[in-house]
Amino acid sequence: MGMSNNSYRPLWLKGGLLYAKALKESGYSPVEVGLGERDFYVDVESETSITMSEAEKLIEKVRPEGNVDVRVNAEVSPSTEVPSHFKILNISVHHPDPNRQLVRIRGVAFSSEEQLKDYLSWLEKVSEIDHRILGEKLDLFSFHEESGPGLVLYHPKGQIIRNELMNFMREVNSSMGYNEVYTTHVYRSELWKISGHYDLYKDKMLIFNHEDDELGIKPMNCPAHILIYKSKSRSYKELPIKFSEFGHVYRWENKGELYGLLRVRGFVQDDGHVFLMEDQLEQEVKLLVSKTLDVLSMFGFSKDNVKIYLSTRPDESIGTDEQWEKATSSLENALKSLKQPYEVKEKDGAFYGPKLDFEIKDSLGRSWQLSTIQVDFNLPERFKLEYVDRDGEKRRPVMVHRAIFGSIDRFLAILLENFRGKMPTWLSPVQVRVIPIISEIQDYAMKVMQEFLKQGIRVDLDDSSETLSKRIKGSYDEGVPYIVIVGKREASESKVTLRGRNNVEIRGIPLESAVSEIKGEISRRDVNQTALERLRS
RNA sequence: GCCGCUGUAGCUCAGCCCGGUAGAGCGCUGGCCUCGUAAGCCAGUGGUCGCGGGUCCGAACCCCGCCGGCGGCUCCA
């Protein structure tokens, strides 16, 4: 079964409709049938919940004919084929308004038992690549009841991946002229009152009183960067001024909204702010868009898998018509000059300015919004930002907020799922594992390890007294990209046997070639195992 | 935050319906095997059954509250 379920959607919808009809005939009140990513759903108006066994029993009452009067929420038409094999996956309850309760029954429908079985085992496989499961299995991070929901602790291996991601982003940022800053986590409420977060965002902020001050933990980094901008007078010659920061922010999301690393209460953004003149906007955005696309492609998200949305002025907004017009066309022109297709989301911009959002499609066909480029007229106004122009007059700069990963935490989760835990070598916590076949090879194994270490490659040694098979399996399970096997043969010839992913193995590689090819793969930050490919040819 | 479901060893789970104070596999520790390619064999270790209260002679099991997790709603990086 492929990773895309699109071909089943018409059949599921048909199944959902037939199931809704069976519900109706059994005295329930189905009101809507729709499609989820991996299933159909039927919303039933009901004051009580419906149990799994009740829902399953109704499957027997499904008849291949007839219609039912419900709202349909799907982008496809139901198939003319009639499914015969159903499975109820999940039942949940929600309230569209306080006086109404809808029970949502999720299920799938297929025309053969085999299809259904295949699909269920696929679903099971998919659940194994859930980043929450992988994170635990690979010993990357954990959550604890004692620390609090939505607050993650990274283990040594998780932190290696985060550091790699941040180092990479440091290079990207500096190539665009950003200067990295560090700003504290706690600020007087005064700052949040000026920025407007206090009024707009207060319920999501952590605010506390201490001594005579009221203080708040930052939910965003921009006000801090603004203070740095304001620390001295700025000339038009300096603009654009660009600050970047791996800013650790806290947003007290509602408990029900938390979801592994994809939705946490404390996370790190690869944040950046640009202070510039309006006529520098287009140029800057162009740079950002092309860099962003470059970065995403480094992780295998090619142009075809990236969608850009341009959000325009909403009804409620600040700033002049002229400013909006200018900013929006700057964004648009940047995209056009890069020949980059995009979609417009009318009136979906922030109240303070238009924005571009980047959405990627992962290898499971799911979409994630990652990068964002937002123009802001509001904060420069609120903080009365200025620069001295050529004519000596003080003028107000425009600000751009931008993040490419978005959140390091979230990006890590998406990568984990996208690569099913088998991260590219440069991101792998252990890049090479040396396995000596028998203990007499110990000395050579140590020498091999040293050679990798000298090149800064993360290598370890598994000389435990387990069988070769077991140690190889263990390495695969941990997602180690390269296994170097050494036995008597290799030791006598200064060679190694190299094992990559997918059971690919090459014997008799000179040690130096293995080291240098793997080093090359890592420093190029290749997504695929190019060292293996090169050594094989 | 709201609604539903759920919580047993480090992990995955059985036992709960029909109350008599816990069991498997993996892991971990030790031993055997000195081994050439995705789980070798044997033994041992491991749990205030999420927390608190109630019912009962007796609670993992029944009831209530709280906390965490999951699935939705809403929201978002």
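Each chain gets a letter, A, B and so on, in the order the sequences are listed, and its residues count up from 1. FYI, side chains are in, hydrogens and waters are out, and symmetry mates aren't considered; it's all heavy atoms of this structure.
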Between C1' of B:rG4 and CG of A:L89, the distance in whole Å: 16 Å
What is the distance, to the nearest angstrom, from the CZ atom on A:R106 to the P atom on B:rG4? 18 Å
Do A:K218 and A:E245 meet the salt-bridge criterion of a basic N to acidic O distance under 4.0 Å? yes
If we ignore hydrogens and angles and just use 3.5 Å, is the side chain of A:S317 paired with the main-chain N or O of A:R313 as donor and acceptor? no
Of the nucleotides B:rA39, B:rU37, B:rA77, which has the atom closest to the A:S407 side chain? B:rA77
Round to a whole Å and report the spacing from CG of A:L258 to P of B:rC73. 15 Å
Between the base of B:rC75 and the side chain of A:R263, is one N or O donor paired with an acceptor at under 3.5 angstrom? yes
Check the distance between B:rU37's P and A:D462's CG and give it to me in whole angstrom. 17 Å
Please list, one pair per line, the donor and acceptor atoms closer than 3.5 Å that link side chains of residues 488-495 of chain A to other protein atoms, with sequence neighbours excluded.
unit_1 : atom_1 : unit_2 : atom_2 : d
A:E490 : OE1    : A:G487 : N      : 3.0
A:E490 : OE2    : A:T497 : OG1    : 2.5
A:S492 : OG     : A:K488 : O      : 3.4
A:S492 : OG     : A:R489 : O      : 2.8

N or O in side chain of A:R132 less than 4.0 angstrom from B:rG71 OP1/OP2: yes
Does B:rC2 pair with anything, Watson-Crick or G-U wobble, both distances under 3.5 Å, and if so, with which nucleotide? B:rG72
Hey, what are the protein-to-nucleotides 24-34 of chain B N/O distances that come in under 3.5 Å?
unit_1 : atom_1 : unit_2 : atom_2 : d
B:rG27 : OP1    : A:K470 : NZ     : 3.4

Do A:Q374 and A:T372 get their side chains close enough for a donor-acceptor pair, meaning under 3.5 Å? yes
Can a salt bridge be assigned to the pair A:R265 and A:E257 using a cut-off of 4.0 Å between side-chain N and carboxylate O? no
Salt-bridge present (A:E75, A:R9; N to O < 4.0 Å): yes
Check A:K473 with A:D477, please: is the shortest side-chain N to carboxylate O separation under 4.0 Å? yes
Atom CG of A:N221 to atom P of B:rA77: distance rounded to whole Å? 13 Å
May I ask you to say what A:I485 touches in the nucleic acid, namely base, sugar-phosphate or nothing, with a heavy-atom cut-off under 4.0 Å? base
Closest approach to the side chain of A:R410, judged atom by atom: which nucleotide of B:rU74, B:rA77, B:rG69 is it? B:rA77
The Watson-Crick or G-U wobble partner of B:rA22, with both key distances under 3.5 Å, is none
Salt-bridge present (A:K307, A:E359; N to O < 4.0 Å): no
Interatomic distance where NZ belongs to A:K202 and P belongs to B:rC75 [whole Å]: 23 Å
Could you work out the separation of B:rG46 and B:rC28 based on their C1' atoms and round it to a whole Å? 9 Å
Regarding the side chain of A:K255, the nearest nucleotide among B:rG36, B:rG71, B:rG68 is B:rG68
Under-4.0 Å salt bridge between A:K355 and A:D357: yes
Quickly work out the A:I91 CD1 to B:rC5 P distance and round it to whole Å. 10 Å
Does the structure show a Watson-Crick or G-U wobble partner for B:rA14, both distances under 3.5 Å? Name it, or say none. none
When you compare B:rG71 with B:rC26, how far apart are their P atoms, in angstrom units rounded to a whole number? 29 Å
Say you pick atom C1' in B:rC2 and the same atom in B:rA9; how far apart are they, in whole Å? 35 Å
Looking at B:rU37, does its base get a donor-acceptor pair with the side chain of A:R471 below 3.5 Å? no
Looking only at side-chain atoms of A:K488, point me to the closest of B:rG36, B:rA77, B:rA38. B:rG36
I'd like the C1' distance from B:rU55 over to B:rC61, given in whole Å. 13 Å
Can you tell me how far P in B:rA24 sits from the matching atom in B:rC18, rounded to whole Å? 27 Å
I'd like to know if A:D139 and A:K157 make a salt bridge, using a cut-off of under 4.0 Å between side-chain N and carboxylate O. no
With P as the reference atom in both, quote the distance from B:rG40 to B:rU34 in angstrom, rounded to an integer. 16 Å
Taking any heavy-atom pair under 4.0 Å as a contact, classify A:V249: base, sugar-phosphate, or nothing. nothing
Selection: residues 134-168 of chain A, any non-hydrogen atom under 4.0 Å of RNA chain B: A:E136, A:E145, A:P149
Could you work out the separation of B:rC41 and B:rG47 based on their P atoms and round it to a whole Å? 26 Å
Check the side chains of A:D409 and A:Y154 for a donor-acceptor pair under 3.5 angstrom, ignoring hydrogens and angles. yes
Base, sugar-phosphate, or nothing: which does A:T497 touch, judged by heavy atoms less than 4.0 Å apart? base
Of the candidate nucleotides B:rG1, B:rA38, B:rG72, which contains the atom at the shortest distance from the side chain of A:R265? B:rG1
Within less than 4.0 Å of OP1 or OP2 of B:rC73, is there a side-chain N or O belonging to A:R104? yes
Kindly indicate, with the supporting measurements, whether the criterion ring-ring contact (aromatic ring centres under 6.0 Å, His included) is fulfilled by A:Y250 and A:H248. CA-CA 7 Å; A:Y250 289 84; A:H248 205 153; 5.0 Å; yes
Can you tell me, in whole Å, how much space there is between the P of B:rC67 and that of B:rU12? 23 Å
